Number of protein chains: 4
Amino acid sequence: MKARDKEKIQNRLRRIEGQVRGVQRMVEEEAYCVDVLTQLGSIVSASEKVALLLLKDHTEHCVRGAIEDGEGADEKMEELMGAIERFLRV
Amino acid sequence: MKARDKEKIQNRLRRIEGQVRGVQRMVEEEAYCVDVLTQLGSIVSASEKVALLLLKDHTEHCVRGAIEDGEGADEKMEELMGAIERFLRV
Amino acid sequence: MKARDKEKIQNRLRRIEGQVRGVQRMVEEEAYCVDVLTQLGSIVSASEKVALLLLKDHTEHCVRGAIEDGEGADEKMEELMGAIERFLRV
Amino acid sequence: MKARDKEKIQNRLRRIEGQVRGVQRMVEEEAYCVDVLTQLGSIVSASEKVALLLLKDHTEHCVRGAIEDGEGADEKMEELMGAIERFLRV
């Protein structure tokens, strides 16, 4: 992974970690349920966005590389589809 | 919220926080992309499960209470549907 | 269900049926994959929107009614949560 | 698309069309809401499964082909990620 992408992903993960701690505080202080739900929804979205960044990076480098090299392409393709499948939960 | 439910939710949130830190470590150590994706998928599922617990609790107490009291029921119902709508992202 | 809501839902279902037939034609005529995917995504969204309308209607009438009558409320609540759970697929 | 895959996809689409008509009948005959919701959930899942089949087929042939030919690969990759992004709705 390129250093710049890695830093971008780590920043997002740190923000998600902060959001999870924020939700813990909200639950502790008995914040209004609907507000907590909104925060959880935003954690879900943020996690899915990081997943998409990783998916792009993986496809762009790892999968594409394997196809260009003509080596291990089938395996990489299958793995990619499996990852997408788990994410779509279909 | 009942003390027992609160503790249950806090435990789950702490586990999610740990998972997010785990993903940071994986990215740091350049773990295999597909494994990181699997972990992110598990954070998404765990967050949605906490949201569902909160949704149940909120509906069971807050919404039901408002209907039983005959006060603020319409508002609570609308709020609940809005929360579900945001979660389904429809 | 009120006649007006029923008509609204039936109209949406007929539109979804038309979209599904449209996708069949696209596949038949070997339309570009990404365009077919976009159409399928729109069927998914439209189906979820109908589900949300039904969920609102059900909660507003059936669940709320049971709570107001003080009869069968627990069962209705559980059923509602089960339906939401299956929809969120958590 | 291979003839066998096409037939498989068309069969699934016909089944989805039948399910959508089934839901119309259920609404017409005022079936129980929760049962209608279950049917709609099954339409959503079935549509997502067809989308995944198309996504696999598209990646396997169109995207992979472009990479192997060394022509239009960037564009295909971007298009693929856009399609996944819309499906994940992130």
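So that the names make sense, note that chain A is the first sequence line, chain B the second, and so on, each numbered from 1. Keep in mind the model is a prediction, meaning the values are calculated, not measured. What's counted below: heavy atoms across the whole structure, side chains too, no hydrogens, waters or symmetry copies.
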Exercise. Who wins among D:Ile9, D:Val23, D:Ile43 for the most heavy-atom pairs under 4.5 Å with chain C?
Worked result: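 Among D:Ile9, D:Val23, D:Ile43, the one with the most close pairs to chain C is D:Val23.
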Would you say [X] has more than 12 foreign heavy atoms packed within less than 6.0 Å of its [atom1]?
X       : atom1 : value
D:Glu78 : CD    : no
C:Glu71 : CD    : no
D:Lys8  : NZ    : no
C:Glu7  : CD    : yes

Quick one: what part of [X] sits under 4.5 Å from any heavy atom of chain D, side chain, backbone, both or neither?
X       : answer
C:Leu55 : both
C:Glu28 : both
C:Ala83 : side chain

For this session: Identify the two heavy atoms, one from D:Cys33 and one from C:Leu54, that lie closest to each other, and give their separation to 0.1 Å.
Result: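 Answer, listing the atom of D:Cys33 first, then C:Leu54: SG-O, 3.9 Å.
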Exercise. Closest approach of D:Val44 and C:Ser47, non-hydrogen atoms and distance?
Worked result: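 Of all heavy-atom pairs spanning D:Val44 and C:Ser47, the closest is CG2-CB, 3.7 Å.
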For this session: Supply the atom-to-atom distance C:Ile16 CD1 to D:Gln19 CD, rounded to the nearest 0.5 angstrom.
Result: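 These two atoms lie 12.0 Å from each other.
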Exercise. Can you tell me how far CG of D:Leu52 sits from CG of C:Leu40, rounded to the nearest 0.5 angstrom?
Worked result: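 Answer rounded to 0.5 Å: 11.0 Å.
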Problem set entry | Options C:Arg21, C:Glu17, C:Gln24, ranked by heavy-atom pairs under 4.5 Å with chain D, top entry |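 Highest number of pairs under 4.5 Å: C:Gln24.
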Problem set entry | Options C:His61, C:Arg14, C:Gln10, ranked by heavy-atom pairs under 4.5 Å with chain D, top entry |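 Looking at each of C:His61, C:Arg14, C:Gln10 in turn, C:Gln10 comes out on top.
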Problem set entry | Under 4.5 Å from a heavy atom of chain C, the part of D:Leu13 involved |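 Looking at D:Leu13, backbone and side chain both touch chain C.
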Exercise. Given side chains that start at C-beta, do those of C:Val34 and D:Arg86 come closer than 4.5 Å, heavy atoms only?
Worked result: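 In short, these two side chains touch, coming nearer than 4.5 Å.
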